[in-house]
Peer 1: 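What follows is a single structure, and I will ask about it in a moment.
Starting from 1, each residue takes its place in the sequence as its number.
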Amino acid sequence: MNNELIQAIKDYAKPLTNLNDFNSLLHEIEMQKYVLLGEASHGTSEYYKIRAELSKKLIVEKGFTFLAVEGDWPACQHVNRYIKGFDQVTPNAREVLQSFNRWPTWMWANEEMIELIEWLKEYNQKQPKDTQVGFYGIDIYSLWESMDEIIKYLEKTHSPQLEDAKKAFTCFEPFNRQPEKYGVSAALYSEGCHDEVIKLLTEICLNKNKQLDSAENRLNLEVNALITANAENYYRTMVVNDNESWNIRDRHMVEVINKISEYYGNQAKGIIWEHNTHVGDARATDMAAESIVNVGQLLREQKGKEDIFIVGFGTHRGTVIAADQWGVNFEKMIIPPAEAGSFEDALHKAGPSDKLLIFNDENHHKFNRTIGHRAIGVVYDPKYEHYGNYVPSVISDRYDAFVYVNYTNALTPLKVEAVFL
């Protein structure tokens, strides 16, 4: 069976030798409003560089209006303000990326991001205000940072909602900005702040049209309120149910994508950067058997498959930035050759070169068998990857296209003083 897959790869894969070789991929993206660009790890240089070049092409040639990434909203707002000219003080992208001080800092505070951010700023300077491209974080983890942002804005605008917000957030003070401590108290001892944050979110949403919208303040306030409510739910649920906390997180990310799209109106076209495990349709993996959903699945269900284009990424071997435990310092690790019988192994055996696969009606059936597909997280130990780093996947159902880089290299992290939360 593997020989048939290897032959199918030989028959349908297109070689990747330079950026022009991606034109066939761009040709497939016509009416879609969302392009999801994955990655098989959070620490690989080539994934960032290729996604950056594809994003530039999508912006210039296809009119995409925002980039949404698997990062914290408050930190990404520093990038957004920089590229849109709201921030007239920060001198360069390298300085902006110091905002990403939550572990794992290297996901966004890396050398590979600098060129893209400077390009976005330069591009926006040539555009009218209403067609400038935005950069947003859609993740759920910034509970305390988002509360800080809400208070800061309500104070600045002398909002009558300020006292209600302070009262709601007082509930969190005993937990000393430790999400795990809050989660245990809320889940096991019913000492949570759920009612307070839901009430505040409702009030902010009801009054959002009263907020001034210069520098995207209304969107910023609304999303930070949404993060506060959803993060509270996430940390409370995480203690008792891993699968449901995953679902809360991915539903949140889709909710934020929808908020951004609503803000951009009819011209909303989004590029989404996340790990393969978030963008690749969960229904085509073993996640479905455990009732786990993800961003790719939810967007296809909400918007229709014809409105979504999902690109997966993978490699056979190389190096990667990761950590061997949660919260510890990163290191450069060796990615061993892909496990025999895996999708990456078949791609390598079809020829040890970079290649692009586009799945269509002609070849879909050639790639619709279940096969192991490697996924590397921020926590990784190469010695044990065969125990849990391969996700059984139906590749042509999970993605619309796949970018394979035979040998990949670790990205280059910036030096940032990390906050270990």
Peer 1: Check whether any side-chain heavy atom of Ile114 lies under 4.5 Å from a side-chain heavy atom of Leu97, and answer yes or no.
Peer 2: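 Heavy-atom side-chain distance check passes, below 4.5 Å.
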Peer 1: Under a 4.0 Å threshold between the charged nitrogen and the carboxylate oxygen, would Glu149 count as salt-bridged to Lys152?
Peer 2: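 Counted as a salt bridge, because a side-chain N and a carboxylate O are separated by less than 4.0 Å.
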Peer 1: Can you name the residues that form a ring pair (Phe, Tyr, Trp, His ring centres under 6.0 Å) with His316, not counting sequence neighbours?
Peer 2: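 In terms of ring pair (Phe, Tyr, Trp, His ring centres under 6.0 Å), with neighbours along the sequence ignored, His316 is linked to His348.
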Peer 1: Below 4.0 angstrom, N of the basic side chain to O of the carboxylate: do Asp345 and Lys349 qualify?
Peer 2: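 Result for this pair is yes, salt bridge flagged.
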Peer 1: Do side-chain atoms of His275 reach the backbone of Ala40 as a donor and acceptor pair under 3.5 angstrom?
Peer 2: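 Yes, the answer is positive, given that a donor and an acceptor are paired below the 3.5 Å cut-off.
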Peer 1: About how many Å separate CG of Leu19 and CG of Leu54, when rounded to the nearest 0.5 Å?
Peer 2: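 It is 8.0 Å, given to the nearest 0.5 Å.
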Peer 1: Nearest heavy-atom pair of Ala338 and Ser342: which atoms, and what distance?
Peer 2: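 Minimum heavy-atom contact is CB-OG, 3.6 Å.
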Peer 1: Could you tell me whether Arg177 and Glu145 have a side-chain N and a carboxylate O separated by less than 4.0 Å?
Peer 2: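 Salt bridge: no.
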Peer 1: Can you name the ring pair (Phe, Tyr, Trp, His ring centres under 6.0 Å) partners of Tyr136, sequence neighbours left out?
Peer 2: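 Tyr136 satisfies ring pair (Phe, Tyr, Trp, His ring centres under 6.0 Å) with Trp73 only.
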Peer 1: Please find the pair of heavy atoms, one from Ala410 and one from Thr319, that lie closest to each other, and give the distance.
Peer 2: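 So the two residues come closest at N-OG1, 2.9 Å.
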Peer 1: Check the orientation of Tyr399 and Phe402. Use parallel for under 30°, tilted for 30 to 60°, and perpendicular for over 60°.
Peer 2: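 Answer is tilted, since the angle falls between 30° and 60°.
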Peer 1: List the steps, then state whether side chain to side chain contact (heavy atoms under 4.5 Å, CB included) holds for Ile59 with Ile271.
Peer 2: CA-CA 9 Å; Ile59 290 165; Ile271 306 163; 4.0 Å; yes
Peer 1: Which atoms form the tightest heavy-atom contact between Pro74 and Ser146, and what is the distance?
Peer 2: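 That would be CG-OG, 3.8 Å.
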Peer 1: Examine Lys355 relative to Tyr404 and say whether NZ or CZ is less than 6.0 Å from the centre of the six-membered ring and inside a 45° cone about the ring axis.
Peer 2: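 Ring-cation test returns no.
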Peer 1: Is the shortest side-chain heavy-atom distance between Glu196 and Phe172 below 4.5 Å?
Peer 2: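 No - every pair of side-chain heavy atoms lies 4.5 Å or more apart.
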Peer 1: To the nearest 0.5 Å, what is the distance between CE (Met147) and CZ (Phe169)?
Peer 2: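 CZ of Phe169 is found 6.0 Å from CE of Met147.
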Peer 1: Thinking salt bridges, do Lys199 and Glu203 make one under a 4.0 Å N-O criterion?
Peer 2: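 Salt bridge present between Lys199 and Glu203.
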Peer 1: Check step by step if salt bridge (Lys or Arg N to Asp or Glu O under 4.0 Å) holds for Glu306 and Lys33.
Peer 2: CA-CA 9 Å; Glu306 65 283 352; Lys33 289 193 174 180; over 6 Å; no
Peer 1: Could you walk me through whether Leu411 and Glu111 pass the side chain to side chain contact (heavy atoms under 4.5 Å, CB included) test, one step at a time?
Peer 2: CA-CA 7 Å; Leu411 56 70; Glu111 292 284 351; over 6 Å; no
Peer 1: How close do Thr277 and Trp246 get, heavy atom to heavy atom, and via which atoms?
Peer 2: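 Looks like O-CZ2, 3.6 Å.
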Peer 1: How long is the span from the OG atom in Ser159 to the CG atom in Leu221, to the nearest 0.5 Å?
Peer 2: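 The CG atom of Leu221 is 8.0 Å from OG of Ser159, to the nearest 0.5 Å.
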Peer 1: Please report the interatomic distance CG(Leu347) to OG(Ser353), rounded to the nearest 0.5 Å.
Peer 2: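 Atom-to-atom, Leu347:CG and Ser353:OG are 10.0 Å apart.
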Peer 1: May I ask you to decide whether Glu61 forms a salt bridge with Lys56, counting only side-chain N to carboxylate O separations under 4.0 Å?
Peer 2: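 No, Glu61 and Lys56 are not salt-bridged.
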Peer 1: Taking Ser245 for the side chain and Asp242 for the main chain, is one N or O donor matched with an acceptor at less than 3.5 Å?
Peer 2: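 Confirmed, Ser245 side chain pairs with Asp242 backbone.
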Peer 1: Going through the distances and angles, do Val279 and Leu37 end up as a side chain to side chain contact (heavy atoms under 4.5 Å, CB included)?
Peer 2: CA-CA 7 Å; Val279 302; Leu37 301 178; over 6 Å; no
Peer 1: Does the Lys NZ or Arg CZ of Lys269 fall within the cation-pi geometry relative to Phe66 - under 6.0 Å from the ring centre and within 45° of the axis?
Peer 2: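 Not flagged: Lys269 not positioned over aromatic ring of Phe66.
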Peer 1: If I take atom CD from residue Gln125 and atom CD1 from residue Ile83, how far apart are they, to the nearest 0.5 angstrom?
Peer 2: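 Gln125 CD to Ile83 CD1: 11.0 Å, rounded to 0.5 Å.
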Peer 1: For Glu344 and Arg374, indicate whether the former's side chain and the latter's backbone hold a donor-acceptor pair under 3.5 Å.
Peer 2: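 Pair found, side chain donor or acceptor close to backbone of Arg374.
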Peer 1: With side-chain hydrogen bond (donor to acceptor under 3.5 Å, both in side chains) as the test, would you mind laying out the steps for Gln302 and Asn258 before giving the verdict?
Peer 2: CA-CA 10 Å; Gln302 288 183 15; Asn258 287 334; 3.0 Å; yes
Peer 1: Is Asn110 reaching over with its side chain to a backbone N or O of Met107, donor-acceptor style, under 3.5 angstrom?
Peer 2: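 The answer is yes, because a donor-acceptor pair under 3.5 Å joins these two groups.
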Peer 1: Is there a donor-acceptor contact under 3.5 Å from the side chain of Lys62 to the main chain of Glu30?
Peer 2: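 Between the backbone of Glu30 and the side chain of Lys62 there is no qualifying donor-acceptor contact (under 3.5 Å).
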Peer 1: State whether Asp397 and Arg369 are salt-bridged, where the test is any N-O pair (Lys NZ or Arg NE/NH1/NH2 against Asp/Glu carboxylate O) under 4.0 Å.
Peer 2: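 Salt bridge: no.
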Peer 1: Could you please spell out the steps behind the side chain to side chain contact (heavy atoms under 4.5 Å, CB included) verdict for Phe100 and Cys76?
Peer 2: CA-CA 8 Å; Phe100 292 91; Cys76 289; 3.7 Å; yes
Peer 1: Assess whether a salt bridge exists between Arg251 and Glu244, defined as any Lys/Arg side-chain N lying under 4.0 Å from an Asp/Glu carboxylate O.
Peer 2: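 Glu244 and Arg251: salt-bridged.
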Peer 1: Who are the ring pair (Phe, Tyr, Trp, His ring centres under 6.0 Å) partners of Tyr234, not counting sequence neighbours?
Peer 2: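 Counting only residues at least two positions away or on another chain, Tyr234 forms a ring pair (Phe, Tyr, Trp, His ring centres under 6.0 Å) with Tyr141.
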Peer 1: What are the two closest heavy atoms between Ser142 and Ile227, and how far apart are they?
Peer 2: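 Between these two residues, the closest heavy atoms are OG-CG2, 3.6 Å.
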Peer 1: Would you say the side chain of Ile272 lies within less than 4.5 Å of the side chain of Ile138, judging by non-hydrogen atoms?
Peer 2: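 Touching, per the 4.5 Å side-chain cut-off.
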Peer 1: Spell out, as yes or no, whether a donor-acceptor pair under 3.5 Å connects the side chain of Arg398 to the backbone of Asn276.
Peer 2: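 Judged by distance alone, yes, a pair lies under 3.5 Å.
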Peer 1: Does the Asn176 side chain pair with the main chain of Gln178, one donor and one acceptor, at a distance under 3.5 Å?
Peer 2: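 Looks like no, no N/O pair under 3.5 Å.
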Peer 1: Can you check whether Thr408 reaches Val320 side chain to side chain, under 4.5 Å on heavy atoms?
Peer 2: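 Not in contact.
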Peer 1: Is it the case that the side chain of Asp307 and the backbone of Gln32 share a donor-acceptor pair, with hydrogens and angles ignored and the cut-off at 3.5 Å?
Peer 2: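 Such a contact is absent between Asp307 side chain and Gln32 backbone.
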Peer 1: Under the criterion side chain to side chain donor-acceptor pair (under 3.5 Å), which of Glu385, Glu339, His373 is the partner of Tyr390?
Peer 2: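 Filter result, single survivor: Glu385.
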Peer 1: Counting only N and O atoms by type, is there a donor-acceptor contact under 3.5 Å from the side chain of Asn363 to the main-chain atoms of Asn360?
Peer 2: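 Yes; at least one donor-acceptor contact below 3.5 Å.
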Peer 1: Does Arg51 make a cation-pi contact with Tyr47 (under 6.0 Å, within 45 degrees of the axis)?
Peer 2: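 That pair does not qualify as a cation-pi contact.
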Peer 1: Tell me whether Glu216 is salt-bridged to Lys84, with the criterion being a basic N under 4.0 Å from an acidic carboxylate O.
Peer 2: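 A salt bridge links Glu216 with Lys84.
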Peer 1: Could you grab the distance from atom CG of Asp21 to atom CG of Asp354, nearest 0.5 Å is fine?
Peer 2: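 CG of Asp354 is found 10.0 Å from CG of Asp21.
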Peer 1: Can any side-chain N or O of Asn294 pair as donor or acceptor with the backbone N or O of Gly280 at less than 3.5 Å?
Peer 2: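 At least one qualifying donor-acceptor pair exists.
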Peer 1: Is it true that Arg249 and Glu70 make a salt bridge, defined as a side-chain N closer than 4.0 Å to a carboxylate O?
Peer 2: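 Yes, charged N to carboxylate O under 4.0 Å.
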Peer 1: Run the ring-centre check on Trp108 versus His78 and record whether the distance is less than 6.0 Å.
Peer 2: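 No, too far apart.
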Peer 1: Salt-bridge test for Glu53 and Lys49: reply yes if a basic N is under 4.0 Å from a carboxylate O, no otherwise.
Peer 2: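 Salt bridge flag = no for Lys49 with Glu53.
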Peer 1: Could you tell me whether Lys126 and Glu122 have a side-chain N and a carboxylate O separated by less than 4.0 Å?
Peer 2: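 The answer is yes: the pair qualifies as a salt bridge.
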Peer 1: Counting neighbours of NZ on Lys129 that are heavy atoms of other residues, nucleotides or ligands and sit closer than 6.0 Å, is the number greater than 12?
Peer 2: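 Yes, the 6.0 Å shell around NZ holds more than 12 heavy atoms from other groups.
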Peer 1: One thing to verify: whether Asp11 and Lys366 come together as a salt bridge, which I'm taking to mean a side-chain N less than 4.0 angstrom from a carboxylate O.
Peer 2: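 No, Lys366 and Asp11 are not salt-bridged.
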Peer 1: Identify which one of Lys121, Glu95, Glu118 satisfies the side chain to side chain donor-acceptor pair (under 3.5 Å) criterion when paired with Tyr82.
Peer 2: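 So the option named by the test is Glu118.
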Peer 1: Grab the two heavy atoms, one from Val240 and one from Arg236, that are nearest each other, plus how far apart they are.
Peer 2: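 The answer is CG2-O, 4.3 Å.
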